[in-house]
Amino acid sequence: MNLQHKHILITGGANGIGKALVEDCVQLENMKITIFDNDIDALDIISKRHPQILCKHCDITNPILVQDSVAEVFANPGPIDILVNNAAIIHNEPLINSTKQGIKPHDIEAWNKVILTNLNAIFYVTSDVVSKMVMARTKGVVISISSICAAGNAGQGAYSAAKAGVNAATRSWAKELGPFNIRFVAIAPGFIATDTTRHVLNESQLKSWARKTPARRTGEIHEVVDTIKFAIQNDFVNGSVLEVDGGLRI
């Protein structure tokens, strides 16, 4: 798929990888960009810097708001050709934590929030966008940001489970929607040098993971963005989970 004259919707596009993708796409002529994000301040900054971008404050964990927002976008500026499910949260917590007060199980509310944001919300946005793609007979592609943690990572049971769900849904939807000319691809980054990663891991932990990575470093945001663009542009990539991890999963 050629990116020229296409309309891309990026969830979580006001920060991190999503923002980097926005800044890359805005360089292309005749490309329409829409962002869904919950960060009003960050959206305001992008809107002032790039007034041609449609920035919508949307809580993607609310299916009603998603439905209304997607309908508004399809009405104006028009049909979406590319959906990038990027919005996510990271939460570290073991299933059981031994404390001086005794055994503390994983917080149920935290588990539900991680699954809601990282898996259910992708279903909400994707189902609404793809339904309209089918009705408009749009040749489309859906890219969902997964993680190498989908294979399981100690202390990240909820996050890993959600990302494994993203991978499974990607493969299932690719089989279902192929006849409608709509592709699905998941991108699974390893440890990428983003503000979110630095917030979750300290410098010592980052260096430790870098040493375990065959590439001997953490990834750069542009390397994930380049992979997203590759997946969009290569029409024969479908139902795949593309790992961008420097060989960490070997």
Side-chain angles (χ1 to χ4, degrees), residues 1-13 16-22 24-25 28 31-37 54 56 58 60-61 63 65-67 69-74 77-88 115-147 150 162-189 224-244:
M1 177 183 288
N2 192 319
L3 293 173
Q4 295 286 350
H5 302 284
K6 294 298 187 292
H7 183 189
I8 186 170
L9 167 60
I10 305 169
T11 69
I17 293 171
K19 181 181 178 182
L21 178 60
V22 168
D24 190 283
C25 289
L28 299 171
M31 187 173 192
K32 291 185 286 189
I33 304 170
T34 297
I35 298 172
F36 283 2
D37 207 293
L54 174 59
K56 291 189 70 66
C58 178
I60 61 170
T61 66
L65 291 179
V66 169
Q67 188 176 50
S69 295
V70 169
E72 289 172 9
V73 171
F74 266 81
I80 293 165
D81 305 283
I82 305 159
L83 167 62
V84 178
N85 289 309
N86 169 71
I115 299 298
L116 175 62
T117 306
N118 294 352
L119 182 58
N120 291 7
I122 285 182
F123 163 71
Y124 300 154
V125 179
T126 302
S127 60
D128 282 329
V129 170
V130 169
S131 294
K132 287 182 168 49
M133 280 182 174
V134 170
M135 288 189 289
R137 297 186 178 181
T138 301
K139 176 183 178 181
V141 58
V142 177
I143 309 293
S144 298
I145 305 302
S146 179
S147 168
K163 293 304 184 180
V166 169
N167 291 353
T170 294
R171 296 187 177 103
S172 297
W173 294 336
K175 294 178 180 179
E176 295 172 9
L177 277 299
F180 295 95
N181 213 8
I182 300 173
R183 295 185 294 116
F184 292 82
V185 182
I187 309 294
V224 179
V225 170
D226 288 346
T227 307
I228 294 171
K229 289 171 62 183
F230 163 77
I232 293 170
Q233 293 172 308
N234 191 320
D235 286 335
F236 206 56
V237 176
N238 191 23
S240 303
V241 179
L242 305 180
E243 295 171 350
V244 189

Checklist entry - Shortest non-hydrogen contact from Ile82 to Lys6? => result CD1-CB, 4.1 Å
Item to check | Chi angles and distances behind the side chain to side chain contact (heavy atoms under 4.5 Å, CB included) call for Asn118, Val166 | outcome: CA-CA 8 Å; Asn118 294 352; Val166 169; 5.9 Å; no
Checklist entry - Taking all atoms of both residues into account, what is the closest heavy-atom pair of Thr34 and Pro77, and its distance? => result OG1-CG, 4.3 Å
Checklist entry - What is the minimum heavy-atom distance between Gly165 and Leu119, and which atoms define it? => result C-CD1, 3.6 Å
Checklist entry - Quick one: side chain to side chain contact (heavy atoms under 4.5 Å, CB included) partners of Thr117, sequence neighbours excluded? => result Thr61, Ile89, Lys113
Checklist entry - Between atom CG of Leu9 and atom CD1 of Ile35, what is the distance when rounded to the nearest 0.5 Å? => result 9.5 Å
Checklist entry - Any sub-3.5 Å donor-acceptor pair from Ser127's side-chain atoms to Tyr124's backbone N or O? => result yes
Next on the checklist: According to salt bridge (charged side-chain N to carboxylate O under 4.0 Å, His left out), does anything in residues 115-132 pair up with another residue at least two apart or in another chain? List the pairs.
Outcome noted: none
Checklist entry - Under the side chain to side chain donor-acceptor pair (under 3.5 Å) test, which residues partner Ser144, sequence neighbours left out? => result Asn85
Item to check | CA sep, side-chain torsions, deciding dist, call: Phe180, Val130, side chain to side chain contact (heavy atoms under 4.5 Å, CB included) | outcome: CA-CA 10 Å; Phe180 295 95; Val130 169; over 6 Å; no
Next on the checklist: Going by the rule side chain to side chain contact (heavy atoms under 4.5 Å, CB included), which residues pair with Asn167 if we only count those two or more places apart in sequence or in a different chain?
Outcome noted: Ser146, Ala150, Arg171, Ala186, Val241
Next on the checklist: As a quick check of understanding, evaluate side chain to side chain contact (heavy atoms under 4.5 Å, CB included) for Asn120 and Ile115, giving each step before the final call.
Outcome noted: CA-CA 6 Å; Asn120 291 7; Ile115 299 298; 4.0 Å; yes
Checklist entry - Okay, side chain of Thr11, backbone of Asn86: is any donor-acceptor separation there less than 3.5 Å? => result yes
Item to check | Residues which pass side chain to side chain contact (heavy atoms under 4.5 Å, CB included) with Ala169, listed by chain and number, not counting sequence neighbours | outcome: Trp173
Item to check | Criterion side chain to side chain contact (heavy atoms under 4.5 Å, CB included) on Val73 and Val129, from CA distance to verdict | outcome: CA-CA 10 Å; Val73 171; Val129 170; over 6 Å; no
Item to check | Sequence-distant partners of Asp235, side chain to side chain contact (heavy atoms under 4.5 Å, CB included), two or more places apart | outcome: Met1, Lys139, Arg183
Checklist entry - Of all residues at least two apart in sequence or in a different chain, which pass the side chain to side chain donor-acceptor pair (under 3.5 Å) check with Lys32? => result none
Next on the checklist: With rounding to the nearest 0.5 angstrom, report the CD to CE distance, Gln4 to Met31.
Outcome noted: 8.5 Å
Item to check | Rounded distance (nearest 0.5 Å) linking atom CD1 of Ile182 with atom CG of Asn238 | outcome: 10.5 Å
With a 3.5 Å cut-off and sequence neighbours excluded, list the donor-acceptor pairs that the side chains of residues 224-233 form with protein atoms.
| residue | atom | partner | partner atom | Å |
| --- | --- | --- | --- | --- |
| Thr227 | OG1 | Glu223 | O | 2.8 |
| Lys229 | NZ | Asp24 | OD1 | 2.9 |

Item to check | Residue pair Thr170 / Ser240: nearest heavy atoms and the distance that separates them | outcome: CG2-O, 4.1 Å
Checklist entry - Looking at CG of Leu21 and CD1 of Ile10, how far apart are the two atoms once the value is rounded to the nearest 0.5 Å? => result 4.0 Å
Item to check | Nearest-0.5 Å distance that lies between atom CG in Leu242 and atom CD1 in Ile187 | outcome: 4.5 Å
Checklist entry - Between CZ of Arg137 and CG of Asn181, what distance do you get to the nearest 0.5 Å? => result 12.5 Å
Checklist outcome for this item: In short, His7 meets Gly78 closest at the heavy-atom pair ND1-O, 3.1 Å
Checklist outcome for this item: Those residues at least two apart in sequence (or on a different chain) that pass side chain to side chain donor-acceptor pair (under 3.5 Å) with Glu72 are Lys56
Item to check | Least distance between heavy atoms, Ile122 atom then Thr126 atom | outcome: O-OG1, 2.7 Å
